[in-house]
Every structure is written in C-alpha cells, then in structure tokens.
There are 2 protein chains.
Amino acid sequence: MDAINAKLHENSYRLTGQRKAILNVMLENQGRHLSAEEVFWEARKIFPNIGIATVYRTLEKLASLEVLYKSMFEGNKYRYELAEDENHHHHHVLCLACGQISEVSGDLLHELESKLDEKGYKIIDHELKFYGYCPACNKEK
Amino acid sequence: MDAINAKLHENSYRLTGQRKAILNVMLENQGRHLSAEEVFWEARKIFPNIGIATVYRTLEKLASLEVLYKSMFEGNKYRYELAEDENHHHHHVLCLACGQISEVSGDLLHELESKLDEKGYKIIDHELKFYGYCPACNKEK
DNA sequence: TACAATAATGATAATTATTATCATTATCAA
DNA sequence: TTGATAATGATAATAATTATCATTATTGTA
Ligand SMILES: [Mn+2]
Ligand SMILES: [Mn+2]
Ligand SMILES: [Zn+2]
Ligand SMILES: [Zn+2]
C-alpha cells in the first residue's frame, strides 16, 4: 500500500478516500477478476457516495501505473486484478462451462518471442488465454 | 466458395445476395482483419441496400460456422477474417506504433496445454496476442 | 493561516458497438 | 402455386465506457 502511495505521489496523483476504497476492494479480492461495476458496488460499502465515473477513472489510472492489470475475457467488459509481478503477468484459463477464470504461471512464450525478434519485431508484451473446461467441469462429463 | 455454400446448406442457411456480397468482401480482403463497419461499407459497393444489421448477423453466423474467425484487438470492436485452417488458427502481432496486425504461425502452446491436461483441465482452444513493434516501426527508432 | 492553483469528484449526457424487435419480403420444398 | 420458414432493413434498445462541467477537496506557498 505504501509502495502504491509512493507510485501515485511520484505521478502527482492524490490518494483520496475514494481511491483508497477502490484499492482496498482490489486488495480484499486478490485472485479475482472484477469488473468496474463490481468494484463500484464493493467500494460503495466503504465509501457510500462514490460515483461510477470515479471508479472508471481510478481503475484506468491504476492500470496505467501498472498497479492493476486490465484484461477482457468474454469480450464485452474489462476486468481488473492486482498486478503482482512488475515484469510479466500470468495467463488465464476460462472455463467454457462455469465461466471460472483460473491462472497459469508457466511461460513458454519467450521462444516464440525470440523468433519474432529475429524477424525484426520488437515484442513488448503478450497476452494468452486458454478456453476449455476446468477440472471440476471436466470431471462432470 | 462451394465449400462454404455446402456448409451453409447443411445448416439450412440460405446463400442470399447479401451473404454472397459479404463473403466476396472477405475473400477480396484475405490477410486483413475487418470490422463489421468496414465490411458494411465494402458490401454496399456490391449490394447497395444492404443493412448493417444484416452484416452483423451474417458475420456472426459465418463465425459460428467457422467460415470466419472473429477476434478483438484494441478492445472495443471485433474484427473478422477468413478462417483458412479448419483445425487451429494463427496468432497476431499488434504494432504499438502503426497499429498494423501481422501474423505468426508457429504454435508452441501444445506443451503448455498438455501441462494443463495433466492438472485436469480440458483445453479446447487458445488465443495469443503479441504487442510490440513491427519491423518497419522498430527500424525507425 | 489564508489563498490561489490545481486535481478530483459526482451527476449526467454522449458515444459506440452490438443486439433485439418487428413488419415486410424472399426463398424453399412439396 | 402455395404455405412454411428464413432473411432482411429500419430502427429502438442495451450496455459499457468516456466526456463534460460545475462543485469540492487538496496542496504548496505567501
Ligand atoms: Mn489473473
Ligand atoms: Mn489473422
Ligand atoms: Zn468450470
Ligand atoms: Zn508498426
């Protein structure tokens, strides 16, 4: 939290009550991937008058500072999670039956990236999603 | 085109003039990734009265038959392209400077997929995107 | 401490892509 | 030819996000 505060301060972003509330929501929900609206309702429990615009603005700001990581799963809305590692993020498995999002840490993509380097590309980041069935749903069939 | 017609027929989807126009647009733009609106304007040149709703409906249908492949790049709108291979699709490199989308064929993901299999997942598909600079933009710097 | 500059907020309007509705028209199979 | 069904186009509705703007809060400085 102090690290985050410092990061905000560096960029002259003020750590207001609203932003604190949103950060608390994200900290309390580590491992989950929350939509802006979900964050909004959780944040209201801590800071009742917070507006949805502030939630969107704050999530955006925190994502741009890489405090949060923003991604899209079903293709209609963004979801946010705390960005643990500075350098590289993990990948996701989306269950086609129950919608559960689980995570994969292994990173076999450097090989492919270096192939692209050889071709003249400069790869900065990548995003990988798996679609399938989680162990629970897979067992049921 | 005959293969596509057969596919439509199997599912009792009629190959109307509008659908033919849209398919022509996609065939004439192989390698490109078109949004619904781009398809709409191109299709109007062939079939002037075609409506945007028909374009959306047709793209959706063709994607569900795997004649087209649908994906999202910048996070606001879907893009469509002809699906060449029945089995597995290619991956994309999005240039952070010029926005150009290029393609990668190599597929090193089976390794990761089999690791997930061992954990009890059943992986059906995956989606991989690289973000970086294309050779041209990379040279400029 | 008071003040002026600046940043942040909340309400709400606007935007954008997509989907739903529905009356009309086209196509198919018998 | 005809009746059933599918497809179409115009347009309304939806849903997520962004923009606007007047008001309020915070900050560093005099
Ligand atoms: Mn995650
Ligand atoms: Mn492609
Ligand atoms: Zn599941
Ligand atoms: Zn480029």
Side-chain angles (χ1 to χ4, degrees), chain A residues 4-25 33-65 67-80 99, chain B residues 4-25 33-65 67-80 99:
Chain A
I4 293 169
N5 197 353
K7 223 172 200 178
L8 288 173
H9 207 266
E10 275 171 35
N11 298 72
S12 66
Y13 293 150
R14 296 167 185 171
L15 187 51
T16 62
Q18 289 91 333
R19 288 176 181 176
K20 249 181 246 174
I22 288 169
L23 278 167
N24 277 340
V25 169
H33 304 82
L34 303 176
S35 67
E37 191 134 349
E38 285 169 341
V39 173
F40 174 64
W41 290 113
E42 286 306 306
R44 286 229 133 176
K45 295 178 186 169
I46 307 172
F47 199 108
N49 289 336
I50 196 171
I52 186 79
T54 298
V55 172
Y56 273 105
R57 276 187 296 238
T58 302
L59 291 174
E60 203 50 42
K61 237 179 245 308
L62 292 174
S64 80
L65 293 176
V67 169
L68 298 183
Y69 181 57
K70 174 185 181 183
S71 46
M72 186 171 281
F73 296 97
E74 315 112 76
N76 46 336
K77 69 176 78 155
Y78 286 108
R79 294 189 165 273
Y80 302 82
Chain B
I4 294 169
N5 197 353
K7 224 172 199 177
L8 288 171
H9 207 266
E10 275 170 34
N11 297 73
S12 66
Y13 293 151
R14 297 167 184 172
L15 187 51
T16 63
Q18 289 92 331
R19 287 176 181 176
K20 251 180 244 175
I22 289 170
L23 278 167
N24 276 340
V25 169
H33 305 80
L34 303 176
S35 67
E37 192 135 347
E38 285 169 341
V39 173
F40 173 63
W41 290 113
E42 286 305 307
R44 285 228 134 178
K45 295 177 185 169
I46 306 171
F47 200 107
N49 288 337
I50 195 172
I52 186 79
T54 299
V55 172
Y56 272 106
R57 276 185 297 236
T58 302
L59 291 174
E60 204 49 43
K61 235 178 247 306
L62 292 174
S64 80
L65 293 176
V67 168
L68 299 181
Y69 180 58
K70 174 185 181 183
S71 47
M72 185 171 283
F73 296 97
E74 315 111 76
N76 46 337
K77 69 176 75 155
Y78 286 108
R79 294 189 166 272
Y80 301 82

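Just so you know, these numbers use all the heavy atoms, side chains as well, and skip hydrogens, waters and symmetry mates. Naming: A, B, ... by sequence-line order, numbering from 1 per chain.
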Salt bridge flag under 4.0 Å for residues K45(B) and E42(B): yes

Separation of [X] atom [atom1] from [N] atom [atom2], in whole Å?
X      : N       : atom1 : atom2 : answer
N49(A) : dT12(C) : CG    : C1'   : 16 Å
N11(A) : dA8(C)  : CG    : C1'   : 16 Å
I50(B) : dT25(C) : CD1   : C1'   : 15 Å
F40(B) : dT18(C) : CZ    : C1'   : 14 Å
K77(B) : dT16(C) : NZ    : P     : 10 Å
E38(A) : dA15(D) : CD    : C1'   : 15 Å
Y13(B) : dA26(C) : OH    : C1'   : 18 Å
R19(A) : dA25(D) : CZ    : C1'   : 12 Å

Residue closer to the 5' end of DNA chain D, T16(B) versus I52(A) (nearest nucleotide): T16(B)

Least distance between heavy atoms, R44(A) atom then I50(A) atom: NH2-O, 2.9 Å

Closest heavy-atom pair and its distance - G75(B), M72(A):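 Answer, listing the atom of G75(B) first, then M72(A): O-CE, 3.6 Å.
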
Along DNA chain C (nearest heavy atom to each residue), the more 5'-positioned of G17(A) and M72(B): G17(A)

5′-ward residue of the pair N76(B)/R57(B) relative to DNA chain C: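 Checking each residue's closest nucleotide, the 5'-ward one belongs to N76(B).
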
Which nucleotide in the list [options] gets nearest to the side chain of [X]?
X      : options                  : answer
H9(B)  : dA19(D), dA29(C), dT9(C) : dA29(C)
R44(B) : dT9(C), dA19(D), dA10(D) : dA10(D)
Y56(A) : dT5(D), dT18(D), dG10(C) : dT18(D)
Q18(A) : dT12(C), dT9(C), dT8(D)  : dT9(C)

Polar side-chain atom of K7(A) near backbone of L65(A) as donor-acceptor pair, under 3.5 Å: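 Yes, because the side chain of K7(A) sits within donor-acceptor range (under 3.5 Å) of the backbone of L65(A).
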
Nearest-0.5 Å distance, OH of residue Y78(A) to OH of residue Y56(A): 11.0 Å

